[in-house]
Amino acid sequence: MIPAGTSTKNLKRAPFSGITCANCQSENNIISVSASYLHIIWIPLFPYRKTMGIVCSNCKHVVRIYETSEEVREMAKQLKATVKPPWYLFLGSIILTLIIGLLVVQSISRKNKYSAYLENPQVNDIYALRNAYETPENKYELWKVINVKEDSIDMSVSIFKYRYIPNQLKPEDLFFDNYIIYHKNTMLEFLKNGTIAKVSRGMTIAKGNSTEPIPDSTNIDPDYSK
């Protein structure tokens, strides 16, 4: 669990006269303005409230604002309005905004790259699709491009389903011998609606501690049928 909580930061302290301490009759007081803020892992997220207090400098008796005269309350209200929380009390919000912005930019960049791959497909491109009958163990299936025509793509489907999208194939990650045909525009629509989660080009097959390119499919007869 991420530790979170609230804390208080004093924003301003200043001498304040015009009232008499009910405890010791002193007129020497200190007024303070504080901000309460939310923090996560001790990083300030944002302030959510400002509070004020008047303390007798002599006996430390606390004078409640609502117990003072209307004139004093108005002076205190004006002072409170002029005190702004420092920028670092928003540090967590700034960091979260930057992270979200970076993730959005990365997502758009990936989508643009995947769109470019789909508009100009190449043999052995690998498409990771979300499984229509998704389960925790079988969330994704892979389609491999085996032939590219003018406006359509021939693809074979992976024999296995995957919990995570692999970054590298293994020798046992086989594909069916038969194939399916989709129009390029349909594949772009699959990307747009989230059916295609990733498009990989130049994916390799792992063999022990080494890798090798996916075997080319150019030996397939272009006139083959199902």
Side-chain angles (χ1 to χ4, degrees), residues 2 40 45-46 90 92-226:
I2 298 177
I40 298 179
L45 192 59
F46 57 82
F90 297 90
S93 296
I94 294 172
I95 293 173
L96 288 176
T97 300
L98 291 175
I99 291 174
I100 292 172
L102 178 60
L103 292 176
V104 169
V105 170
Q106 289 179 336
S107 177
I108 293 173
S109 178
R110 283 195 300 269
K111 279 291 184 71
N112 289 339
K113 182 177 72 173
Y114 297 163
S115 294
Y117 285 168
L118 291 173
E119 290 171 355
N120 298 282
Q122 294 182 11
V123 171
N124 290 326
D125 283 353
I126 301 293
Y127 305 157
L129 286 84
R130 291 181 171 85
N131 188 7
Y133 304 99
E134 179 179 317
T135 65
E137 296 297 329
N138 302 292
K139 295 179 66 175
Y140 302 99
E141 63 183 27
L142 303 181
W143 293 5
K144 182 175 73 169
V145 177
I146 59 175
N147 192 38
V148 179
K149 300 175 183 177
E150 183 176 351
D151 57 0
S152 63
I153 313 171
D154 299 343
M155 292 163 291
S156 58
V157 180
S158 60
I159 294 176
F160 300 110
K161 303 297 185 288
Y162 300 84
R163 184 182 183 91
Y164 302 103
I165 300 175
N167 293 320
Q168 194 175 66
L169 296 178
K170 298 178 181 179
E172 60 268 25
D173 292 331
L174 303 176
F175 294 81
F176 288 107
D177 291 335
N178 57 353
Y179 67 96
I180 54 178
I181 303 173
Y182 274 101
H183 196 283
K184 292 179 182 179
N185 290 339
T186 302
M187 302 306 294
L188 287 169
E189 186 62 31
F190 282 172
L191 178 65
K192 182 178 179 180
N193 64 28
T195 301
I196 293 180
K198 184 178 181 180
V199 182
S200 300
R201 177 165 294 173
M203 184 180 284
T204 56
I205 296 179
K207 283 194 173 183
N209 293 325
S210 62
T211 62
E212 63 179 35
I214 296 176
D216 201 353
S217 303
T218 54
N219 60 326
I220 297 176
D221 186 344
D223 295 324
Y224 62 86
S225 58
K226 293 184 181 180

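Bear in mind the structure is a predicted one, so any value in this text is a computation, not a measurement.
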Taking every non-hydrogen atom, the tightest pair across [X] and [Y]:
{"X": "Phe176", "Y": "Ser158", "result": "CE1-O, 3.7 Å"}
{"X": "Ser93", "Y": "Leu45", "result": "OG-O, 2.6 Å"}
{"X": "Val145", "Y": "Met155", "result": "CA-CG, 4.0 Å"}
{"X": "Ala128", "Y": "Ile165", "result": "CB-CG2, 3.7 Å"}
{"X": "Asn138", "Y": "Asn131", "result": "O-ND2, 3.1 Å"}
{"X": "Leu118", "Y": "Met187", "result": "CD1-O, 3.6 Å"}

Open item on the list: Using modelled atom types and a 3.5 Å cut-off, is there a donor and acceptor pairing between side-chain atoms of Ser109 and backbone atoms of Val105?
Closed with: no

TODO: Report yes or no: does Arg130 contribute a side-chain atom to a donor-acceptor pair with the main-chain N or O of Gly194 at less than 3.5 Å?
DONE: yes

Task: Asp173/Tyr162 under side-chain hydrogen bond (donor to acceptor under 3.5 Å, both in side chains): CA gap, chis, key distance, verdict - done: CA-CA 10 Å; Asp173 292 331; Tyr162 300 84; 3.1 Å; yes

Open item on the list: Is the shortest side-chain heavy-atom distance between Val157 and Tyr127 below 4.5 Å?
Closed with: no

Open item on the list: Within the 4.5 Å heavy-atom criterion, are Leu142 and Pro166 side-chain neighbours or not?
Closed with: yes

TODO: Give, for atom OG of Ser156 and atom CG of Asn147, the distance between the pair rounded to the nearest 0.5 Å.
DONE: 11.0 Å

Task: Check: Asn120/Lys184 side-chain N/O donor and acceptor closer than 3.5 Å - done: no

TODO: Would you please classify the geometry between the Trp143 ring and the Tyr182 ring as parallel, tilted or perpendicular, with 30° and 60° separating the classes?
DONE: parallel

Task: Cationic N near anionic O, under 4.0 Å, Lys144 to Asp125 - done: no

